[in-house]
Amino acid sequence: MGSGSTRPNTADDKMIAAIERGDQGGFKDSKPPKIKDNTLIKSKEAQKKKTQDKTKALRVLRQAAEKERENK
């Protein structure tokens, strides 16, 4: 009985066991993934900013078109 084969050994098993116990907030992965590639993070932020700028420009154009339509 003391073999320990029923203990959760992976992060997924530990998370499932924590959910079954009901303490979801208390689970923390002992070895979370570390992102050391800052270029990936920076490129994602740049892409996000570019998308936000496009959305803002399109919103301004749409509002201008709506105002022009109302004036006619």
Student: By side chain to side chain donor-acceptor pair (under 3.5 Å), which residues pair with T39, not counting sequence neighbours?
Tutor: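 For T39 the side chain to side chain donor-acceptor pair (under 3.5 Å) partners, ignoring immediate neighbours, are D37.
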Student: How long is the gap from CD on Q63 to CG on L58, to the nearest 0.5 Å?
Tutor: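 It comes to 11.5 Å.
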Student: How long is the span from the NZ atom in K56 to the NZ atom in K49, to the nearest 0.5 Å?
Tutor: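 Answer rounded to 0.5 Å: 8.0 Å.
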Student: What's the separation between atom CD in E70 and atom NZ in K67, rounded to the nearest 0.5 Å?
Tutor: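 If we round to the nearest 0.5 Å, E70:CD and K67:NZ are 8.5 Å apart.
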Student: More than 12 heavy atoms of other residues, nucleotides or ligands under 6.0 Å from CD of E66: yes or no?
Tutor: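 Yes, the 6.0 Å shell around CD holds more than 12 heavy atoms from other groups.
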Student: Could you state the interatomic distance from CD (Q52) to CD (Q47), rounded to the nearest 0.5 Å?
Tutor: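 It comes to 11.0 Å.
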